[in-house]
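Any value given below was found using the heavy atoms of this structure, including those in side chains, with hydrogens, waters and symmetry copies removed. Below, chains carry the letters A, B, ... as their sequence lines are ordered, and counting in each starts from 1. The structure displayed is predicted, hence computed values, not measured ones.
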Number of protein chains: 2
Amino acid sequence: MNSEIEKIRDYFIEIAGSMAGNLGLNSIAGQMYALLYISSEPVSLDEITDILKVSKGNVSVNIRVLERWGAVKKVWVKGSRRNFYKANEDILEIIKNRIKEGITKRTKEIDSELSRAEEMLQSAGKQLNKEDKKITDVYKQKIADIKKLSAKVEGLLRII
Amino acid sequence: MNSEIEKIRDYFIEIAGSMAGNLGLNSIAGQMYALLYISSEPVSLDEITDILKVSKGNVSVNIRVLERWGAVKKVWVKGSRRNFYKANEDILEIIKNRIKEGITKRTKEIDSELSRAEEMLQSAGKQLNKEDKKITDVYKQKIADIKKLSAKVEGLLRII
DNA sequence: CTTTGCGTTTAGAATGTTCTAAACATAGAA
DNA sequence: TTCTATGTTTAGAACATTCTAAACGCAAAG
């Protein structure tokens, strides 16, 4: 491959890496995805190692992260014992899935913890004076509001 | 304040902190916001220091982060020289603003970098053989696709 | 069975983030 | 002016993440 083209490819990879870094993701994972995305042929793990100049351990770990996200897919290449990968090109879908997965997992956890807090409020409520009763009432209201918010967010996710 | 109530408050704060941590945000900022959110009265910086058991430097830095996000607001309390804060209770709005701000900033940057890559492709294209021409054509297509995606994301933001 | 090629795991180095404690700045009180 | 109360900045400690190099495991080739 012409080295001028390589420069362009590497520039593209660099953009993707810093983009990923900005979003709080691992920038090597971003670079790896970009390399697979821009390549018309499947790429092997050691080609990734070569092109990105990172250790194969690093590549090994991050390719599995990308696989778990559904961002890349292993493909079989006739006559080679190596693992080759190609990108899932539907980036929007990848992002959506990651957001959905992350948020539904968390809203569930948080809801159950908030319910626990509500129980605590309930059982504490019995032996309180007027002043403290007022505070717990505020707490109840706020916690209920957060639960509503959480339901709303889940609803939003469904329509995306 | 009754210590039973304090326990509940602190549990709520803890939930918020771990939620923030999960989302890649600073968990102290999350705890601070939660404290202000659950409190019916404005809270001063040294009360935050006391309740969360973190240094005042830490509180000073994170309160400005929260202010920048529009998540909290300084309020004046008669007869005190301290700075008091209250939470902006519209959490969904805070989240939306942060997402919008972050993404529009980035899509702009990325678009301009991609345009730069397109220029490089354009000027490289002149002196290429058939094989390399094919590669640059693929690159052009992919970069154009990403630009389309970026426009689509910005569109999505506008309707949220 | 032994060797080779390839991916995975792991220990610890390198780097990045967040936190504290202390120095500092500043406005108001005395 | 000097002292006090308050918030900010900063140097570096504590902690967390990411990376590499090397050891390891295993399947295919010889």
Side-chain angles (χ1 to χ4, degrees), chain A residues 13-14 16-36 41-69 71-86 98 102, chain B residues 13-14 16-36 41-69 71-86 98 102:
Chain A
I13 290 172
E14 187 193 323
S18 75
M19 185 176 6
N22 270 328
L23 297 170
L25 309 174
N26 184 308
S27 79
I28 296 297
Q31 291 188 3
M32 287 173 56
Y33 177 78
L35 170 55
L36 298 182
E41 299 300 320
V43 183
S44 71
L45 293 183
D46 72 326
E47 284 175 299
I48 297 175
T49 301
D50 271 12
I51 295 171
L52 302 185
K53 307 291 182 217
V54 292
S55 70
K56 60 182 189 149
N58 199 350
V59 169
S60 176
V61 169
N62 280 301
I63 200 75
R64 263 171 300 148
V65 171
L66 290 173
E67 267 186 301
R68 187 154 39 76
W69 294 352
V72 306
K73 207 168 154 19
K74 199 182 281 193
V75 296
W76 179 69
V77 168
K78 213 161 63 175
S80 174
R81 284 166 54 195
R82 301 189 175 173
N83 292 351
F84 286 77
Y85 289 85
K86 65 171 187 174
R98 264 183 52 75
Chain B
I13 290 172
E14 187 193 323
S18 77
M19 185 177 6
N22 270 328
L23 297 169
L25 310 175
N26 183 307
S27 79
I28 296 297
Q31 291 189 3
M32 286 172 55
Y33 177 79
L35 171 55
L36 297 183
E41 298 301 319
V43 182
S44 71
L45 294 183
D46 72 325
E47 283 175 299
I48 297 176
T49 301
D50 271 11
I51 294 170
L52 303 184
K53 308 290 181 217
V54 293
S55 71
K56 61 183 189 148
N58 198 351
V59 169
S60 176
V61 169
N62 280 301
I63 200 75
R64 262 171 302 151
V65 172
L66 289 173
E67 267 186 301
R68 188 155 37 78
W69 294 352
V72 306
K73 207 168 154 20
K74 197 182 283 194
V75 295
W76 179 68
V77 168
K78 216 162 58 176
S80 175
R81 283 165 55 193
R82 301 187 176 173
N83 292 350
F84 285 77
Y85 290 85
K86 64 172 187 173
R98 264 181 54 74

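Distances were taken from every side-chain heavy atom of B:K56 (C-beta onward) to each of D:dT8, D:dT20, C:dA21; the shortest belongs to D:dT8. Taking the side chain of B:R81 as heavy atoms from C-beta on, and the options C:dC19, D:dT9, D:dT6, the nearest nucleotide is D:dT6.
B:K74 comes within 4.0 angstrom of no nucleic acid atom, judged by non-hydrogen atoms across all strands. In this structure, A:V59 reaches neither bases nor backbone, as no heavy-atom distance under 4.0 Å exists between it and the strands shown.
One can place CG of A:N58 at 15 Å from C1' of C:dG12, the figure rounded to the nearest angstrom. In this structure, B:R64 atom CZ and C:dC19 atom P are separated by 15 Å, rounded to whole Å. Rounding to whole angstrom units, CG of residue B:N83 and C1' of C:dA27 are separated by 12 Å. Look at NZ on B:K53: it is 17 Å from P on C:dC19, rounded to the nearest Å. Following rounding to the nearest Å, B:L45 (CG) and D:dT9 (P) show an atom-to-atom distance of 13 Å. Between the CG atom of B:D46 and the P atom of C:dT20 there is a distance of 15 Å, rounded to whole Å. Taking atom CG on A:N62 and atom P on C:dT9, their separation rounds to 13 Å, with Å as the unit. Across the protein-nucleic acid pair, A:I63 atom CD1 and C:dC6 atom P stand 16 Å apart, rounded to whole Å.
Between A:E47 and A:F84 there is a side-chain heavy-atom pair separated by less than 4.5 Å. Between B:V65 and B:N26, the closest side-chain pair of non-hydrogen atoms is not below 4.5 Å. B:E67 has its side chain within reach of B:Y85: a pair of non-hydrogen atoms, C-beta onward, lies under 4.5 Å apart.
At C:dT4, none of the side-chain N or O atoms of A:R82 fall inside 4.0 Å of OP1 or OP2 (strictly under the cut-off). Under 4.0 angstrom from either OP1 or OP2 of C:dC19 there lies at least one side-chain N or O belonging to B:N26.
For the atom pair CG of B:L36 and NZ of B:K86, the computed distance is 11.0 Å after rounding to the nearest 0.5 Å.
Comment: B:R82 engages B:D46 in a salt bridge, judged by a side-chain N to carboxylate O separation of less than 4.0 angstrom.
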